[in-house]
Amino acid sequence: MRLSFLFLLLALAGFHLPAQITQEGMAREINSGKKPLGGVFIQFEDAPSKTTDEAGAFSLTFQNKRVGDLIFLKEIRKNGYELVNRKDFEVTKISNGERLGVDIILAKEGYVDAAKKEYYEVSDKALYASFEREKASLRRKLKEAKFTQAEYLSKLDTLQARYDIQKLNLDRLADQFARVNFDDVVPLYKKALELFKVGKVDSSMRLLEDADLIARTSELLKKKVNYEEALKETEEDIQDAIDPIRLLAELYIVELEIQKAEALYDQLLLLDSTDLEILREVASFYEEQRIYDKALKLLPKIQSHPEAAAWQIANANGSLGDIYTTLGQLINALSAFDSSRATYLRLMRDSATYFYAENLSVVYQRMGNTYGSLGQLDSALSYYQQSQGLMKSLVSADPRNVGFQNGLAISYQYMGSTYGSLGQLDSALSYYQQYQGLMKSLVSADPRNV
């Protein structure tokens, strides 16, 4: 009897332990009618590497994992192809079914760069035209005495700041558009983005505006509240509406119609304020557009979200630190960054992944910036050195990773700046030379990289 009881205890104990778990998946080619791709090498941490079969299928066996645990991508490659949706694997978890939650999407080499260039040129042209149109409008109103010269200069400064912010974001936006897989989006989104790509920005916006997305989604929200029996159908309609709303908001930003974009992002929150990805996306918009009051209210919701992983909470702290830094609240900024740093140090102790190391390096860099703003240059230098050390380790472990090399180059730049401020000019020059050399090699290896 005692022996049987012991076996029962062991069985129950083992039930709660992490175990071997299998996830199946699919590799496809972008914009191909969901054409499967065979011969794709796939490697995740904590799982033996696999290669997709002719039907594009693969199966990964993870060790010591439970349903809901994060899994981290190490490498996906196929000769002549590049991975399109690496970002989707930032938050990949073991699903409660047999299938991995996201398919692997690849494109022939050069496809993303070519598409990105097209989208960038269209976006840049549209943004500049919007900027010039808004400036002309301000001058006209000044001549009509609708506001004073001081008010004109203030509004012009605001317009210039918005233009500068969006100009910096054009590369990210073009890259995002270039990676859209039309096989997986609703027809309205596909048509609008196709119009945008060929330079018909106004037509693209009119198409989305004519769809009256806010009115449609408001009706869907009423249905969600009033007709619980139709909840599943309503949820599917809401999901189909989300991507077009995102696209129209992004086009409004290119047109410097920030208030219209803000209204759409506000609507996204109304559609689903429980969706972690929507919370992160809207918070990022608020932060980029300096709508700090809304960002400061939203970031704590990310931190307290039941599905938020520790690293997402740490990154929300990082965003809070950036906002506090901009607002001149440097002590609050340091507190937020320190919370982010503590989280990543703990995560690194548990699992020293590339992802955690890169993010920790960014936190060290932010802390260095803040200590530099406080005039505490020795502390700033210490954090920059820690950031540089992590980036050197990452480059050593994966020399082909352009992001790691770029991060290392930036660390050289910060080190040079700090040594210069400390009056140690030989050291400053040495780091600037290393920065210049690494950036030259990056440009030489990939001159098309914006």
How about [X] and [Y]: does a side-chain donor come under 3.5 Å of a side-chain acceptor?
X      : Y      : answer
Asn401 : Gln405 : no
Tyr189 : Asp184 : no
Tyr119 : Asp175 : no

With side chain to side chain contact (heavy atoms under 4.5 Å, CB included) as the criterion, how do Gln385 and Tyr364 come out once you've worked through the C-alpha distance, each side chain's angles and the decisive distance to 0.1 Å?
CA-CA 9 Å; Gln385 287 170 334; Tyr364 283 144; over 6 Å; no
Taking the six-membered ring for Trp, are [X] and [Y] parallel (under 30°), tilted (30 to 60°) or perpendicular (over 60°)?
X      : Y      : answer
Tyr384 : Tyr414 : parallel
Phe131 : Tyr163 : parallel
Tyr383 : Tyr371 : parallel

Using the ring-ring contact (aromatic ring centres under 6.0 Å, His included) rule, take Tyr286 and Tyr265 through it: C-alpha gap first, then chi angles, then the decisive distance, then the call.
CA-CA 9 Å; Tyr286 290 153; Tyr265 279 115; 7.4 Å; no
State which residue, out of Lys260, Arg162, Arg133, Arg206, fulfils the salt bridge (Lys or Arg N to Asp or Glu O under 4.0 Å) condition with Glu255.
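That would be Arg133.
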Would a line drawn from the ring center of Phe337 to the ring center of Tyr324 be shorter than 6.0 Å?
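Judged by ring-centre distance (under 6.0 Å), Phe337 and Tyr324 do not meet the cut-off.
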Between Lys78 and Thr52, does the side chain to side chain contact (heavy atoms under 4.5 Å, CB included) criterion hold? Intermediate values first, please.
CA-CA 10 Å; Lys78 176 179 171 67; Thr52 60; over 6 Å; no
Stepwise side chain to side chain contact (heavy atoms under 4.5 Å, CB included) check, Leu276 with Ile302
CA-CA 7 Å; Leu276 180 60; Ile302 296 173; 4.1 Å; yes
Does the side chain of Glu29 come within less than 4.5 Å of Tyr81's, by heavy atoms?
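Result yes, sub-4.5 Å side-chain heavy-atom pair found.
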Can you list the steps and then say if Leu106 with Arg28 is a side chain to side chain contact (heavy atoms under 4.5 Å, CB included)?
CA-CA 6 Å; Leu106 297 103; Arg28 298 187 276 126; over 6 Å; no
